[in-house]
Amino acid sequence: MDTTEQTNGHIVVGITGASGAVYALRLIRWLADNGYRVDVVASETGRRVFEYETGTRLSADALTDKPEHLFLHDNSNLFSPLSSGSYQRDNRSRVVIVPCSMGTLGRMATASGSKLIERVADVALKEHGRLVIVPRETPLNALHLNNMLALMHTGAVILPAMPGFYQKPQTLSDIVNFMVSKILDALDVPNGLYERWNGEQG
Ligand SMILES: Cc1cc2nc3c(=O)[nH]c(=O)nc-3n(C[C@H](O)[C@H](O)[C@H](O)COP(=O)(O)O)c2cc1C
């Protein structure tokens, strides 16, 4: 069912095999709950790490109470509508890869990927859409850093999974909300997921 016309907008979420699946889970739930259409593509390792780390199955029913807003795509299917620049649902495509493994990062940086996630990222860059990449690895080597720089120079937003602590988070949920809020900001999605810094708050 095409629900685009009834939604606030359309976001593609790519999930790869880096640690930090909880960010993807919180983001997808927030977007679906807030009336966005969410297209999800996971790599094979992305799906396995997601299910291992979150204990949640990567299926529309398990991910959200609004499964009608969620569309799961097969990462091997290059015949997906998401593969083409002509598939434009908003004025500008919005794609986030969260969490992003160093493997997917490298393939995106060299436009050499053969899976749907890398193709969607490539399309977003060539069409001057918004591509937000949330890499997770530590420590980083020079290849990782060079790949991030290449993608940034090509128009991507590099948004490392590096939560801040100046908001004095009390729970893991606070830390996750901080990161998800940063991702939503980068996607131009208005949100109030965490209290914004407003000078020294005493
Ligand atoms: C539990 C687990 C955690 C991992 N965490 C990371 C990580 O944080 N960053 C990373 O680059 N790779 C990580 N990996 C390795 C990637 O999953 C691996 O490089 C994989 O080939 C990435 O494939 P993909 O890019 O197609 O998802 C992790 C693997 C496992 C099993």
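In listed order, ligands and their atoms are each counted from 1. Excluded from the calculations below are hydrogen atoms, water molecules and symmetry mates; all remaining heavy atoms, backbone and side chain alike, are included. Numbering starts at 1 and runs along the sequence shown.
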Identify the closest protein heavy atom to [atom]: which residue and atom is it, and at what distance?
| atom | answer |
| --- | --- |
| atom 10 (C) of ligand 1 | Glu137 OE2, 3.4 Å |
| atom 22 (C) of ligand 1 | Ser101 OG, 3.7 Å |
| atom 1 (C) of ligand 1 | Val49 CG2, 4.2 Å |

Side chains of [X] and [Y], heavy atoms from C-beta outward: is any pair under 4.5 Å?
| X | Y | value |
| --- | --- | --- |
| Val176 | Tyr23 | yes |
| His144 | Thr138 | no |
| Val120 | Ile97 | no |
| Arg26 | Asn177 | yes |

Return yes or no for this condition: an N or O of [X] is under 3.5 Å from an N or O of ligand 1.
| X | answer |
| --- | --- |
| Tyr52 | no |
| Cys100 | no |
| Met102 | yes |
| Thr16 | no |
| Arg136 | yes |

Arg107, portion touching ligand 1 at heavy-atom distance under 4.0 Å: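 The answer is the side chain.
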Thr45 and ligand 1 - part of the residue with a heavy-atom distance under 4.0 Å: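 Near ligand 1, Thr45 shows its side chain, while the N, CA, C and O stay back.
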Shortest non-hydrogen separation from Val157 to Ala186 and the atoms involved: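 Closest pair (atom of Val157, atom of Ala186, distance): CG1-CB, 4.3 Å.
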Nearest heavy-atom neighbours spanning Ile133 and Leu151: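 So the two residues come closest at CD1-CD1, 3.7 Å.
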Ion pair Asp185/Arg196, N-O distance below 4.0 Å: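 So Asp185 pairs with Arg196 through a salt bridge.
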Ligand 1 atoms in contact with Ser43 (distance to a heavy atom under 4.0 Å):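 So the answer, numbered in order with elements, is 24 (P), 26 (O), 27 (O).
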Of the listed options Ser19, Gly17, Gly14, Gly106, closest to atom 28 (C) of ligand 1 (non-hydrogen atoms):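 Checking each option, the heavy atom nearest atom 28 (C) of ligand 1 is found in Gly17.
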Heavy-atom protein neighbour under 4.0 angstrom from atom 25 (O) of ligand 1: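 Yes.
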Over 12 non-hydrogen atoms of neighbours within 6.0 angstrom of CZ in Phe165: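 It does: Phe165 CZ has more than 12 such atoms within range.
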Other residues, nucleotides, ligands: >12 heavy atoms within 6.0 Å of Asp65 CG: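 No, the 6.0 Å shell around CG holds no more than 12 heavy atoms from other groups.
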